[in-house]
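Structure first, then comments.
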Amino acid sequence: MSSQHRPLADPKQGDPGPGGSEPDEYRILLEGDLRDYLARLPAVAALLGGLPEVWSISEVGDGNLNLVFIVKGARAE
């Protein structure tokens, strides 16, 4: 598996990954994509708390091509 093709979802769980793509296809996640993806993960959504529409998502770039996000929900500490 190359660095450009990483699994984003467990194919055994039937989750097609962000954007409905194949589980092993690499996708660049933007804020809206990330919100939708995390909302579909019950354990993550429960940890964040509140409605996905009110989660705070901030992109904090590392100066390279990597996108790093900080996500805060109603249960943020």
With clusters defined by side-chain heavy atoms of hydrophobic residues (ILVMFWY) lying less than 4.5 Å apart, directly or transitively, does [Y] cluster with [X]?
X: Val68; Y: Ile70; result: yes
X: Leu34; Y: Val54; result: no
X: Leu51; Y: Leu41; result: no

Ignoring hydrogens and geometry, is there a side-chain-to-backbone donor-acceptor pair from Asp33 to Leu30 under 3.5 Å?
yes
Distance check, rounded to the nearest 0.5 Å: Lys72 atom NZ versus Leu48 atom CG?
11.5 Å
What pair of heavy atoms forms the shortest contact from [X] to [Y], and how long is it?
X: Leu67; Y: Leu29; value: CD1-O, 3.6 Å
X: Arg35; Y: Trp55; value: NH1-O, 2.9 Å
X: Ala45; Y: Ala39; value: CB-O, 4.2 Å

